Q: 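What follows is a single structure, and I will ask about it in a moment.
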Protein chains: 2
Amino acid sequence: MREAILDAAIDVLGRNPGASLAEVAARAGVGRASLHRHFPARDDLVAAVIRRCMDETDAATAAAVQDAGSARETLLRVLKAVIPLGDRYHFLASLSSTDAEVRARYEADLEWLAGLVDSLKKESVIAPEAPRFWAAANIDAQIWIAWTEVAAGRLAAADAADLALHTLLEGLGKR
Amino acid sequence: MREAILDAAIDVLGRNPGASLAEVAARAGVGRASLHRHFPARDDLVAAVIRRCMDETDAATAAAVQDAGSARETLLRVLKAVIPLGDRYHFLASLSSTDAEVRARYEADLEWLAGLVDSLKKESVIAPEAPRFWAAANIDAQIWIAWTEVAAGRLAAADAADLALHTLLEGLGKR
DNA sequence: CTCGTATGATACATATCTGTCTCATTAAAG
DNA sequence: CTTTAATGAGACAGATATGTATCATACGAG
């Protein structure tokens, strides 16, 4: 029940952040009153979805990092783990949350990504002259693009992470 | 007057697509009634902003393409011309328009970009094995990232296009 | 200066969304 | 089978945004 509502909210609010709760309830196959029983106010629902999205990406990345040897392998594992969660990204990007906890976690995630960039530089995978935030933004962008292309059916899910990693490190130019 | 309202709408609705027309009018320094005189309904305003954004990007790219020798030079000029229009991108991305004309123009722009990718492949700038839409999506992403970093003050505007082009073609990896 | 037009402020009716409440029904636990 | 809790449907009031209408004022053209 709770889960069905949260899934529906990711889908509906991800496409249109201004959608009504009636739409979310309908998508979840649930009465509007029941939605309010689980999430008294709209903000409660939004906060719960944000928290759930972040929990899932954190868990996915944590599992991916487990006994990964190099930073490059870590990056590839993270891409493989996170690209399928692209709809979560879409949802988070579509909102501008003012919640303090949410903002703090977002900052922490960004800092973790920047730390990964540092490691990649230390291991000579990423060029040292690449700006830190530029690199982090590019990783994010590759995740976004890969998910979009997979969702559109133009790219096989199995190929997505490798293509993203290759593009990120070597670009699209002809050798 | 009209222009001031459209500028305000790009700013306000770009940040928050659900913002009220009162906010747009206030940002424009205009009475709410005057806004309705120029744009009878909300949809009229939104459609006008979309059309204006597309006109500006089309004009910018058309000027950039003027007597550009190679496809690579065309790409660089387009990046230089379009990155400063990032707020227009932000606005367009924040909306999901159902207007037929708007959708048709969007498809046309996308096809133009894909055609540029084809030219880049013919000139051996982009590797032939790079998927067409993947490449186009990456060009879009570089524009987005570059504008974001410039807007955040982390990147000099003069460096943005070159960095974007370099990242697009050669990636972030160490040579 | 005078007239006409555009603007801002305000009031108003309408529509939509939100959150609460009630009630009948259903499903599960005892 | 009985009881209890959860659900769906619907009614309801309040809040907010929208679109229209009115009126006084300021600004510019003639």
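If you're wondering where the values come from, they're calculated on a predicted model, not measured in any experiment. A note on names: the letters A, B, ... follow the listed sequences, proteins ahead of strands, and every chain is numbered from 1.
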Q: Should the pair A:Arg88-A:Asp55 be classified as a salt bridge under the 4.0 Å nitrogen-to-oxygen rule?
A: no
Q: Look at the side chain of A:Met1 and decide which nucleotide, out of C:dT18, D:dT7, C:dT7, has an atom nearest to it.
A: D:dT7
Q: C:dA6 phosphate, OP1 or OP2: any side-chain N/O from B:His38 under 4.0 angstrom?
A: no
Q: Round to the nearest Å and state the distance from B:Arg2 atom CZ to C:dT7 atom C1'.
A: 16 Å
Q: Can you identify which nucleotide, out of C:dC21, C:dT7, D:dT7, has its nearest atom closest to the A:Ala33 side chain?
A: C:dC21
Q: Hey, is A:Asp58 close enough to A:Arg51 for a salt bridge, meaning N to O under 4.0 Å?
A: no
Q: For DNA chain C, whose closest nucleotide is more 5', that of B:Leu35 or that of A:Ala22?
A: B:Leu35
Q: May I ask you to verify whether the side chain of A:Arg37 and the base of D:dG8 hold a donor-acceptor pair under 3.5 Å?
A: yes
Q: Do A:Val65 and A:Leu85 belong together in a cluster built from hydrophobic side chains that touch within less than 4.5 Å?
A: no
Q: Distance check needed: C:dT18 P versus A:Asp43 CG, whole Å only.
A: 11 Å
Q: Using a 4.0 Å heavy-atom cut-off, does A:Arg32 contact any base of the nucleic acid, only the sugar-phosphate backbone, or nothing at all?
A: base
Q: Figure out the CD/P separation between B:Glu23 and D:dT18, and round it to whole Å.
A: 9 Å
Q: Calculate the interatomic distance between A:Arg42 atom CZ and C:dT18 atom C1'; express it in whole Å.
A: 9 Å
Q: Measure CG/B:Leu21 against C1'/D:dT18 and give the value in whole Å, please.
A: 7 Å
Q: Round to a whole Å and report the spacing from NE2 of B:His36 to P of D:dA17.
A: 12 Å
Q: Checking contacts here: which listed nucleotide (C:dG19, D:dT18, D:dG8) is nearest the side-chain heavy atoms of A:Ala41?
A: C:dG19
Q: Atom CZ of B:Phe39 to atom P of D:dT18: distance rounded to whole Å?
A: 15 Å
Q: So B:Val117 and B:Ile139, side-chain contact (heavy atoms from CB on, under 4.5 Å) or not? Walk me through it.
A: CA-CA 9 Å; B:Val117 169; B:Ile139 295 175; 4.0 Å; yes
Q: Below 4.0 angstrom, N of the basic side chain to O of the carboxylate: do B:Arg77 and B:Asp67 qualify?
A: yes
Q: For a quick check of understanding: with a heavy-atom distance under 4.0 Å over all strands, which category does A:Gly29 fall into, base, sugar-phosphate or nothing?
A: sugar-phosphate
